[in-house]
Amino acid sequence: MKVSLDGIHTNLRFSAAHMVIGHPSCGKIHGHSYIVDVTVEGERTGQFGFVMDFKELKTITRKICKTLDHILLIPYNSPDLEVTYEDDKTIEFTLLGKSQYKLPKTDVVLLPIDATTAESLSVYITEEIIKNIEDTSALDYIEIQVNEGIGQGATYHKKFNQGE
C-alpha cells in the first residue's frame, strides 16, 4: 500500500537560490520555490495499521525543507567548485576557476552533492528522510519528487531492504 504527501497541499516547500555551474542560462545565481512530494510504499503494520504515520513523514520532510529554505544551495562535491576559504562566519568559493564569491556562512548551505539540480536535490532529500525514519523494515520504497515550481521536477525512487 502507498501513502503520499502532496507537497503543495501539505506545505512541504522551500525557497532557495542556486546555480547549475557551467550551464549557459542556469549557471547564474537564481532561485526557485521548490515543492517536495513524498510517496512511501510498504506493508501496513503496528497498532493502527499504518504504512507510515503521515505526521511523522511530514515532520521529517518539513525539517529538511527548513534547512534549505531562504538560503543559497552550494554543491560542495562539484568538480567545478573550489572552496578557497571557510571559517565560522564566511565562505569564499570560486566557480570554474574564474567567478569568485564571498558570502556570510549563514546565507549558504554546503550540500554533499555534485550539482544543485532537481535531480540531485531529490536524491539528497530522499537520503536525509531515510536517515530520520526510525524503522524502514516494513517499507518497500520511497519516492521523492522535487519540483522547481509547479509542473517541472525530478523524481528519485529508492527501494528498501533489497540491497540497493
Side-chain angles (χ1 to χ4, degrees), residues 1-23 26 29-81 83 86 91 105-164:
M1 179 170 281
K2 289 183 199 179
V3 295
S4 298
L5 299 175
D6 179 329
I8 201 162
H9 293 104
T10 56
N11 198 28
L12 301 175
R13 317 170 196 205
F14 62 97
S15 295
H18 81 129
M19 76 286 270
V20 179
I21 301 169
H23 189 275
C26 300
I29 295 175
H30 64 284
H32 298 282
S33 293
Y34 294 92
I35 301 160
V36 180
D37 299 324
V38 182
T39 300
V40 177
E41 184 171 290
E43 297 298 318
R44 296 175 64 188
T45 62
Q47 177 183 359
F48 304 107
F50 292 158
V51 172
M52 184 167 181
D53 187 328
F54 287 124
K55 184 176 180 181
E56 178 187 359
L57 190 54
K58 282 189 281 190
T59 298
I60 290 168
T61 308
R62 282 188 186 131
K63 178 181 164 190
I64 294 161
C65 288
K66 187 174 181 172
T67 67
L68 304 173
D69 193 36
H70 285 85
I71 204 154
L72 175 62
L73 309 176
I74 304 293
Y76 194 73
N77 292 346
S78 171
D80 298 318
L81 173 116
V83 174
E86 181 181 358
I91 183 163
K105 192 112 181 231
T106 56
D107 289 358
V108 304
V109 62
L110 300 173
L111 298 174
I113 58 180
D114 60 1
T116 54
T117 58
E119 292 86 349
S120 291
L121 289 171
S122 66
V123 174
Y124 171 77
I125 291 171
T126 299
E127 296 301 331
E128 290 300 302
I129 289 172
I130 291 168
K131 286 180 195 174
N132 286 278
I133 296 175
E134 196 168 305
D135 181 10
T136 62
S137 63
L139 301 179
D140 297 328
Y141 72 83
I142 184 170
E143 188 171 274
I144 303 298
Q145 181 166 339
V146 174
N147 300 286
E148 291 184 342
I150 297 171
Q152 67 182 36
T155 303
Y156 179 63
H157 181 100
K158 179 160 183 172
K159 294 180 181 177
F160 286 102
N161 308 314
Q162 297 175 9
E164 294 182 22

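Since this is a predicted model, take the numbers as computed values, not measurements.
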Legend entry - Side-chain donor-acceptor contact under 3.5 Å, Thr39 with Glu143: no
Inset, instruction - With the side chain counted from C-beta on, respond yes when Phe160 and Ile130 share a heavy-atom pair under 4.5 Å apart, and no when they do not. - result: yes
Legend entry - Side-chain (Asp6) to main-chain (Ile8) donor-acceptor, under 3.5 angstrom: yes
Legend entry - Minimum heavy-atom distance between Ser4 and Phe54, given as atom pair plus value: O-CE2, 3.8 Å
Legend entry - Salt-bridge criterion met for Lys158 and Glu127 (N-O under 4.0 Å): yes
Inset, instruction - Quick one: pull up CD1 in Ile144 and OH in Tyr156 and give me the separation to the nearest 0.5 Å. - result: 10.5 Å
Legend entry - Distance (rounded to the nearest 0.5 Å) between His30 NE2 and His18 NE2: 3.0 Å
Inset, instruction - Kindly give the heavy-atom pair with the smallest separation between Lys63 and Asn132, and that separation in Å. - result: NZ-OD1, 3.8 Å
Inset, instruction - Drop me the distance from Leu12's CG to Ile125's CD1, to the nearest 0.5 angstrom. - result: 10.0 Å
Inset, instruction - Under the ring-ring contact (aromatic ring centres under 6.0 Å, His included) rule, collect the residues that match up with Tyr34, sequence neighbours excluded. - result: Phe14, His32
Legend entry - Leu72 vs Val109 side-chain heavy atoms within contact, under 4.5 Å: no
Inset, instruction - Look at the side chain of Ser122 and the backbone N and O of Thr155, then say whether any donor-acceptor pair between them is shorter than 3.5 Å. - result: no
Inset, instruction - Taking all heavy atoms of Asp53 and all of Lys55, pick out the closest pair and write down the distance. - result: OD1-N, 2.8 Å
Legend entry - Closest heavy-atom pair and its distance - Ser137, Asp135: OG-OD1, 2.7 Å
Inset, instruction - Would you indicate whether the side-chain heavy atoms of Leu57 and Val40 approach each other to under 4.5 Å? - result: yes
Inset, instruction - State whether the number of non-hydrogen atoms from other residues, nucleotides or ligands found under 6.0 Å of Glu43 atom CD is greater than 12. - result: no
Inset, instruction - Report yes if the side chains of Asp37 and Leu5 come closer than 4.5 Å at any heavy-atom pair, otherwise no. - result: no
Legend entry - Donor-acceptor contact below 3.5 Å, side chain Asp114 vs main chain Asn77: no
Legend entry - Taking every non-hydrogen atom, the tightest pair across Ser15 and Ser33: OG-OG, 3.4 Å
Legend entry - Close side-chain approach of Ile74 and Thr116, heavy atoms under 4.5 Å: no
Legend entry - Beyond-backbone contact of Leu111 with Leu68, side-chain heavy atoms, under 4.5 angstrom: yes
Inset, instruction - State, to 0.1 Å, how close Thr10 and Lys58 come at their nearest heavy-atom pair, and which atoms those are. - result: CB-CD, 4.0 Å
Legend entry - From Glu128 atom CD to Ile133 atom CD1, the distance as rounded to the nearest 0.5 Å: 11.5 Å
Inset, instruction - Using a 4.5 Å cut-off on heavy atoms from C-beta on, say whether the side chain of Glu134 contacts that of Met52. - result: no
Inset, instruction - State, with a plain yes or no, whether a side-chain heavy atom of Cys65 is found less than 4.5 Å away from one of Val36. - result: yes
Inset, instruction - Supply the atom-to-atom distance Lys105 NZ to Leu110 CG, rounded to the nearest 0.5 angstrom. - result: 6.0 Å
Inset, instruction - Output yes when a side-chain donor or acceptor of Thr67 lies under 3.5 Å from a complementary backbone atom of Ile64, and no otherwise. - result: yes
Legend entry - Backbone of Ser120 reached by a side-chain donor or acceptor of Thr117 within 3.5 Å: yes
Inset, instruction - Working to the nearest 0.5 Å, report the span between CD of Glu41 and CG of Asp140. - result: 5.5 Å
Inset, instruction - Tell me, yes or no, whether the heavy-atom count around Tyr141 atom OH, taken from other residues, nucleotides or ligands under 6.0 Å, exceeds 12. - result: yes
